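Sequence lines set the chain letters: A, B, ... in the order given, protein chains first and strands last, and positions in each chain run from 1. Owing to the predicted nature of the structure, the values given are computational and were not obtained by experimental measurement.
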Amino acid sequence: MPEGNGIHRWAARHEAAFAGKPVRMDGPQGRFTDSDVFDGRKLERVLAVGKHLGYDFGKDRILHVHLGLQGDFTEGSGPLPAVRGALRMRMWSAAKVKQPAVPGASKRHGWYSSDDGTGHLDPEQVAWVELRGPTDCSVYTNEKWQQLTERLGPDPLNQDDPERGFAKVRKSKKAIGQLLMEQDVFAGIGNIYRAELLFRARQSPFTAGKDVSDAVLRKMWKDAGPLMQAGMVDRRIVTTLAKDRPRRGGGVIAAEDAHYVYRRNGLPCRICGTKVMKMEGFAGRNLFWCPVCQAEENKA
DNA sequence: GAGGAATGAGAAA
DNA sequence: TTCTCCTTCCTCA
């Protein structure tokens with residue numbers, strides 16, 4: 001379900017948990033049949049570009065994961081839980097045992113264990129992740145991964161040079177609210193950040209790309225990096241400034257205070273009080289904006 | 001228990 | 001522009 005910030009977060013967490021060691025992997029319900037390619041091999045690093053994850057096992061083998069709209073990970077420590085729900089793939093840390101976990105098993109598959117009850121393992125060291133509902137979970141070569149990254153636009157979370165993306169916006173007749181959703185313009189931005197970045201720049205979603213001022217473009221780009229980096233609070237995206245949120249008790253940011261316009265249609269704009277608007281199917285998704293703060297005449 | 005919506009994107013028409 | 005993939009969670013009855 002996440003936008004780019006959530007993807008980079010998973011990459012960092014999974015790299016910290018698994019990289020540098022052999023990992024176990026399977027697709028216990030037959031939804032992922034290539035787990036053998038990776039099972040028992042050492043994970044070298046976890047790549048993140050836009051909304052794409054790449055678990056790099058070296059030797060020209062990368063596990064590509066794209067969560068899409070419905071995909072999500074669950075993670076935990078302790079013993080691997082029983083299979084439940086619709087599980088695509090799971091990955092867990094492997095502890096090396098002195099004897100094959102399964103007598104007669106091949107070295108690659110049999111000499112690592114996490115929950116086989118052999119007693120060779122400290123349960124506190126076990127970490128696991130489960131993946132369900134992804135758009136893609138498949139084997140990539142280095143070349144295929146490179147083709148993917150070349151197709152994507154600059155990613156605000158990867159310190160990329162934004163000029164390539166700016167150039168595409170400047171020559172496009174499409175609305176900026178549509179361009180922000182296109183991953184070959186900017187990678188990693190999704191429907192929440194589209195709405196919130198446009199609002200924070202007081203930019204109308206309907207202005208053609210070629211008519212958006214450079215100042216606003218740069219402002220949105222400069223905003224996007226830190227905003228996406230700080231983006232997750234309790235697995236939620238928060239984009240409101242503290243001064244624009246109502247004061248409530250405790251340090252927790254309430255879900256209804258997290259956004260300026262996203263899913264706030266019918267509610268008053270936090271800045272001007274005008275009712276926030278919603279339009280269905282704008283670049284295939286629901287668009288939210290304030291018709292006053294983001295009026296087309298506001299463009300610099 | 002049904003039905004819809006959700007932080008996505010590729011293919012089809 | 002419309003369909004289709006796919007899973008979970010929430011609302012409503």
*Pair partner, C:dA13 [Watson-Crick or wobble, under 3.5 Å]*: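 Its partner: none found.
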_Residue matched to C:dT1 through Watson-Crick or wobble contacts both under 3.5 angstrom_ =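 Partner of C:dT1: B:dA12.
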Separation of [N] [atom2] from [X] [atom1] (nearest whole Å):
{"X": "A:Leu69", "N": "B:dG10", "atom1": "CG", "atom2": "C1'", "result": "14 Å"}
{"X": "A:His64", "N": "B:dG10", "atom1": "NE2", "atom2": "C1'", "result": "13 Å"}
{"X": "A:Asn191", "N": "B:dA5", "atom1": "CG", "atom2": "P", "result": "14 Å"}
{"X": "A:Asp72", "N": "C:dT7", "atom1": "CG", "atom2": "C1'", "result": "10 Å"}
{"X": "A:Glu182", "N": "B:dG10", "atom1": "CD", "atom2": "C1'", "result": "14 Å"}
{"X": "A:Glu280", "N": "C:dC3", "atom1": "CD", "atom2": "P", "result": "14 Å"}
{"X": "A:Gln70", "N": "C:dC10", "atom1": "CD", "atom2": "P", "result": "16 Å"}
{"X": "A:His259", "N": "B:dA6", "atom1": "NE2", "atom2": "C1'", "result": "12 Å"}

For the residue pair [Y] / [X], report whether a side-chain donor-acceptor contact shorter than 3.5 Å exists.
{"X": "A:Thr239", "Y": "A:Glu196", "result": "yes"}
{"X": "A:His8", "Y": "A:Asp155", "result": "yes"}
{"X": "A:Thr74", "Y": "A:Glu130", "result": "yes"}

Check whether any side-chain N or O of [X] sits under 4.0 Å from OP1 or OP2 of [N], and answer yes or no.
{"X": "A:His66", "N": "B:dG8", "result": "no"}
{"X": "A:Gln183", "N": "B:dA9", "result": "yes"}
{"X": "A:Arg88", "N": "C:dC6", "result": "no"}
{"X": "A:Asn286", "N": "B:dA6", "result": "yes"}
{"X": "A:Arg285", "N": "B:dA6", "result": "no"}

_Please report the distance separating the P of B:dG1 from the corresponding atom of C:dC6, rounded so that it comes out in whole Å._
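Each nucleotide's P atom is 24 Å from the other's.
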*For atom P, what is the distance between C:dT8 and B:dG10, given to the nearest Å?*
23 Å
*Would you please indicate yes or no on a ring centroid separation below 6.0 angstrom for A:His64 and A:Tyr55?*
no
What's [X] touching, base or sugar-phosphate or nothing? Going by heavy atoms closer than 4.0 Å.
{"X": "A:Arg31", "value": "sugar-phosphate"}
{"X": "A:Asp136", "value": "nothing"}
{"X": "A:Arg151", "value": "sugar-phosphate"}

_Among A:Glu143, A:Glu150, A:Lys144, side chain to side chain donor-acceptor pair (under 3.5 Å) partner for A:Gln146_ = A:Glu150
*Would A:Met277 and A:Phe288 show up in the same hydrophobic cluster when neighbours are defined by side-chain heavy atoms closer than 4.5 Å?*
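Looking at the clustering, A:Phe288 is in a separate group from A:Met277.
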*Looking at B:dA6, B:dA9, C:dC6, which one has an atom nearest to any side-chain atom of A:Lys51?*
B:dA9
